[in-house]
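Let me begin by presenting the structure, written as structure tokens, before commenting on it.
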Amino acid sequence: MQLKITTLTPVHIGSGEKLSSLEYVVHQNTFYKISERDFLLFLNSLEDKNKPREFADWVGKMYAELFRLEGERKQNPNDNRIKREYYNVRDTLNPIGFCNQLDDKNFTYNKFLNFIKKNNIPKSGVEKGRIEGQVNEAIKTIDIATGVNRLYIPGSSLKGALRTAVLYHWMSNHADRREIIDLIDRRIRERPVENRFAKPLEVKAFYCAVPKGKKDDEKYDLMKLVMFADAHLETPDNSTNVEDIKLFVTQREPGRNRGEFVWEPTIQKQAPYAETIKSQKTLTTDLSFNVEFLYAIKDRIDTEKNAIKIGDDWHWKGISTKVKALFALDIQTLTSDNLDEKRKEVVQHLIDTMRTFCRRQLKSEHDWIDNYLKNFEVSQVRREEARLDKNLKAGYQKVFKESHSYLMHLGFGTGFRGITEMLYFLEDDDRKDLMKRIMKMYAIGYRGDRNGKRDYMPNPDRFPKSRRLTYSQYDISPLGWLQLDSKDLKSIEKTKIPDEDELALPTVQPVFYNKKINLRRGAEIEAQVIKSGGLTKPNIVKLYIAEDNMPEVPLSAYRSALEVGTVVIVAATFKGDGSIQNAAFRKLKK
């Protein structure tokens with residue numbers, strides 16, 4: 001089944017690599033990824049053939065200065081002069097910094113910018129005019145037509161998110177609750193490494209038993225029947241951003257009275273930045289199911305043993321039961337004439353399990369927001385300064401307003417522990433007790449030093465207590481939320497998750513200025529976005545001056561795309577005849 005994916009929020013699938021400041025430049029709110037080869041090509045194109053050697057020497061000196069200043073910072077942590085010097089050297093350590101320290105800096109700088117624009121250097125949007133430090137690189141694939149590396153969502157990432165949803169479905173609807181609790185209790189006593197803790201759960205859910213050998217033999221994993229293709233952008237140009245990501249967390253702090261404490265909401269800087277696919281971008285993929293394999297082995301399945309006999313041994317033990325539980329498919333109903341119909345039914349079932357799991361995730365997200373914002377009772381000044389409550393709600397509303405749809409959640413920032421099968425262990429007191437022991441064993445949620453782990457008392461009701469969100473002056477967004485659509489998916493009634501209305505924001509409407517305008521001074525006027533723009537073209541807004549005066553003009557001083565319908569306040573300047581000369585962004589209307 002071909003699926004159309006719409007990114008509701010920015011998506012980052014990491015390559016595992018980080019870009020240093022020498023591998024990118026930022027110019028006019030655009031991020032250009034510059035490889036070492038590209039910059040050396042530029043230096044070799046200059047008349048002075050010693051420039052590559054000068055660059056190597058300059059980098060060595062800059063790093064030596066950084067190391068020296070880093071040492072001084074550790075010895076004098078409160079010395080602001082050393083801090084300023086350190087950040088100045090760090091911010092200069094990039095290709096443009098090298099160009100600017102040359103004798104002919106203006107000539108070289110302009111020539112370098114022309115080189116970037118002419119040589120199809122990969123670029124992304126960035127809200128700030130600068131980026132501090134490293135950037136998490138996104139996974140990319142080469143565009144054969146242009147030879148440019150493009151961001152995409154690997155099929156393995158899509159299938160991984162689906163696998164988690166199917167496991168949650170199996171645990172919630174088909175697993176023996178007592179058996180799951182006993183299995184987890186046994187794993188706690190075994191104390192495996194954290195990333196292998198849930199492996200027996202997956203084996204129990206997905207793997208068919210074999211007569212001997214490894215219980216987790218990959219050949220018997222039924223999720224191998226599910227095939228998810230890589231998702232590629234329909235229009236790759238102007239589809240990526242570099243986002244500033246921060247950690248939003250509540251921390252326990254001493255209260256006013258002795259022995260008291262309060263939960264203080266904090267925003268912590270997270271290094272580095274990350275390359276992302278922008279929100280409201282469309283990708284296409286394909287989800288299929290290998291029903292032909294099941295049809296081919298159907299007649300070999302012993303219905304009494306629920307297995308296949310090969311030689312003297314029974315293989316694929318439990319296959320019929322597991323296929324029914326995982327995929328809502330009765331193998332014995334397969335015929336040569338209904339394979340396409342059954343495949344479509346299985347894919348629909350898989351998308352339905354993803355939708356159910358995402359609604360459970362959204363309920364968890366709602367609880368976290370409610371918890372986080374409650375703590376502003378002790379931070380009224382910060383609340384008024386940052387208006388964080390409204391920005392948080394507005395960012396999440398992008399997802400909550402689509403909660404009735406087919407959704408998916410994946411990638412960096414979605415929270416390994418918060419989106420896995422661990423949500424299952426927050427459903428009742430018995431399972432919460434197990435969750436508490438798991439959190440204690442792996443120090444999940446603990447942020448103190450190594451010596452305090454022994455006394456750490458986890459609280460499953462506050463799990464997880466932090467979120468990584470994209471952060472800017474005008475927008476805070478969760479990461480990794482996708483909306484799925486296809487002409488082959490069944491239509492669904494619009495419903496909402498519990499308590500969704502509590503996150504609903506009042507609809508902001510523009511108000512007419514309706515005053516006499518001083519053409520010399522200009523005026524701050526409300527406007528509404530009627531056409532979304534971006535890096536290469538401005539947003540178009542309609543100014544609400546009066547009912548008979550509503551000009552449509554480009555919005556300046558704001559390079560990122562604004563959603564159609566967004567209400568902004570602009571600083572409008574006028575020509576002598578009263579027409580608009582410029583409309584510069586001032587702020588969003590709250």
Note to self: Contact between Arg163 and Phe206 at the side-chain level, heavy atoms closer than 4.5 Å - yes or no?
What the structure shows: yes

Next item on the list: Check whether more than 12 heavy atoms from other residues, nucleotides or ligands sit under 6.0 Å from atom NZ of Lys398, and answer yes or no.
Entry: yes

Can you give me every donor-acceptor pair (side chain of residues 283-290, partner residue at least two apart or in another chain, under 3.5 Å) with its distance?
unit_1 : atom_1 : unit_2 : atom_2 : d
Thr285 : OG1    : Ala229 : O      : 2.6
Asp286 : OD1    : Gln2   : N      : 3.4
Asn290 : OD1    : Phe293 : N      : 3.2

Notebook entry, point to check: Side-chain contact, heavy-atom cut-off 4.5 Å: Trp314 with Asp302?
Noted result: yes

Next item on the list: Report yes if some heavy atom in the side chain of Leu484 is under 4.5 Å from a heavy atom in the side chain of Lys4; otherwise report no.
Entry: no

Next item on the list: Look at the side chain of Thr9 and the backbone N and O of Trp481, then say whether any donor-acceptor pair between them is shorter than 3.5 Å.
Entry: yes

Check: Considering residues at least two apart in sequence or located in another chain, which fulfil the side-chain hydrogen bond (donor to acceptor under 3.5 Å, both in side chains) criterion with Arg186?
Finding: none

Margin query: Once rounded to the nearest 0.5 Å, what's the spacing between atom CD1 of Ile5 and atom CD of Gln483?
Written below: 11.0 Å

Item checked: Steps toward salt bridge (charged side-chain N to carboxylate O under 4.0 Å, His left out) verdict (Lys309, Asp313) -> CA-CA 6 Å; Lys309 192 170 186 180; Asp313 296 320; over 6 Å; no

Notebook entry, point to check: For residues Glu365 and Tyr396, is any side-chain donor paired with an opposing acceptor at under 3.5 Å?
Noted result: yes

Notebook entry, point to check: With a 4.0 Å cut-off, would you call Lys246 and Asp244 a salt bridge?
Noted result: yes

Check: Which of parallel (below 30°), tilted (30 to 60°) and perpendicular (above 60°) describes His12 and Phe412?
Finding: perpendicular

Check: How would you list all residue pairs meeting salt bridge (charged side-chain N to carboxylate O under 4.0 Å, His left out) that involve residues 225-236, not counting sequence neighbours?
Finding: none

Check: Between Val226 and Leu350, which heavy-atom pair has the shortest distance, and what is it?
Finding: CG2-CD1, 4.0 Å

Note to self: I want to check something: taking the side chain as every heavy atom from C-beta on, are Glu218 and Lys224 in contact at a cut-off of under 4.5 Å?
What the structure shows: yes

Notebook entry, point to check: For His315 and Tyr220, what are the C-alpha separation, side-chain angles and deciding distance, and is it a side-chain hydrogen bond (donor to acceptor under 3.5 Å, both in side chains)?
Noted result: CA-CA 9 Å; His315 293 250; Tyr220 297 92; 2.9 Å; yes

Name every donor-acceptor pair, under 3.5 Å, that has one atom in a side chain of residues 317-337 and the other anywhere in the protein, sequence neighbours excluded.
unit_1 : atom_1 : unit_2 : atom_2 : d
Ser320 : OG     : Asn306 : OD1    : 3.3
Thr321 : OG1    : Asn306 : ND2    : 2.8
Lys322 : NZ     : Lys204 : O      : 2.3
Lys322 : NZ     : Tyr207 : O      : 3.3
Asp330 : OD1    : Gln332 : N      : 3.0
Thr333 : OG1    : Asp330 : O      : 2.6
Thr335 : OG1    : Asp337 : N      : 3.3
Thr335 : OG1    : Asn338 : N      : 3.3
Thr335 : OG1    : Asn338 : OD1    : 3.2

Check: Is any side-chain N of the basic residue among Arg187 and Glu190 closer than 4.0 Å to the acidic one's carboxylate O?
Finding: yes

Notebook entry, point to check: Quick check: does any side chain N or O of Ser239 sit under 3.5 Å from a backbone N or O of Asp237, one acting as donor and the other as acceptor?
Noted result: yes

Next item on the list: Look only at the side chain of Lys18 and the backbone of Gly16, and say whether a donor-acceptor pair between them is shorter than 3.5 Å.
Entry: no

Checklist line | Closest heavy-atom pair and its distance - Ala231, Leu158 | finding: CB-CD1, 4.1 Å

Next item on the list: Would you please test Leu339 and Tyr295 for side chain to side chain contact (heavy atoms under 4.5 Å, CB included) and show each step?
Entry: CA-CA 8 Å; Leu339 295 184; Tyr295 176 66; 3.9 Å; yes

Checklist line | Considering all heavy atoms, the nearest Lys159-Met223 contact | finding: NZ-O, 2.9 Å

Next item on the list: To the nearest 0.5 Å, tell me how far Leu167 CG sits from Phe357 CZ.
Entry: 8.5 Å

Next item on the list: Kindly give the heavy-atom pair with the smallest separation between Lys281 and Lys278, and that separation in Å.
Entry: CG-O, 3.5 Å

Notebook entry, point to check: For atom NZ of Lys298, is the number of surrounding heavy atoms from other residues, nucleotides or ligands below 6.0 Å larger than 12?
Noted result: yes

Note to self: Quick check for you: to the nearest 0.5 Å, what is the distance between Met408 atom CE and Ser405 atom OG?
What the structure shows: 14.0 Å

Margin query: If you define the side chain from C-beta out and look only at heavy atoms, does anything of Val249 sit under 4.5 Å from Gln268?
Written below: yes

Check: Do the side chain of Ser157 and the main chain of Ile153 share a donor and acceptor less than 3.5 angstrom apart?
Finding: no

Next item on the list: Might you point out which heavy atoms bring Gly395 and Pro478 nearest each other, and give the distance in Å?
Entry: O-CD, 3.7 Å

Check: Is the backbone of Pro10 close enough, under 3.5 Å, to the side chain of Glu243 for a donor and an acceptor to pair up by distance?
Finding: no

Note to self: What I want to check is whether the side chains of Glu275 and Tyr24 have a donor and an acceptor closer together than 3.5 Å.
What the structure shows: no

Note to self: Assess whether a salt bridge exists between Lys363 and Asp367, defined as any Lys/Arg side-chain N lying under 4.0 Å from an Asp/Glu carboxylate O.
What the structure shows: yes

Check: When you measure from the side chain of Ser172 to the backbone N and O of His169, does any donor-acceptor pair fall under 3.5 Å?
Finding: no

Check: Do any N or O atoms from the side chain of Ser364 and from the backbone of Arg360 form a donor-acceptor pair under 3.5 angstrom?
Finding: no

Note to self: Is the shortest side-chain heavy-atom distance between Tyr406 and Leu482 below 4.5 Å?
What the structure shows: no

Item checked: Basic-acidic side-chain contact under 4.0 Å: Arg189, Asp185 -> yes

Next item on the list: With rounding to the nearest 0.5 Å, note down the distance linking CG in Asn391 to CD1 in Ile476.
Entry: 5.0 Å

Check: Within the side chain of Thr276, is there an N or O that forms a donor-acceptor pair under 3.5 Å with the backbone of Val242?
Finding: no

Margin query: If I take atom CG from residue Asp352 and atom CD from residue Glu345, how far apart are they, to the nearest 0.5 angstrom?
Written below: 11.5 Å

Notebook entry, point to check: Which heavy atom in Trp368 sits nearest to a heavy atom in Leu469, and how many Å separate them?
Noted result: CH2-CD1, 4.2 Å

Check: Which residues satisfy the side-chain contact (heavy atoms from CB on, under 4.5 Å) test with Ser486, sequence neighbours excluded?
Finding: Met1, Leu3, Asp488, Leu489

Note to self: Using the side-chain hydrogen bond (donor to acceptor under 3.5 Å, both in side chains) criterion, which residues pair with Glu23? Sequence neighbours excluded.
What the structure shows: Ser20

Next item on the list: Kindly indicate whether the side chain of Lys140, heavy atoms from C-beta on, has any atom under 4.5 Å from the side chain of Ser15.
Entry: no

Next item on the list: Can you measure from CZ (Arg355) to OG (Ser403) and round to the nearest 0.5 angstrom?
Entry: 8.5 Å

Check: Within a strict 4.5 Å, meaning less than it, do heavy atoms of the His366 and Phe400 side chains meet?
Finding: yes

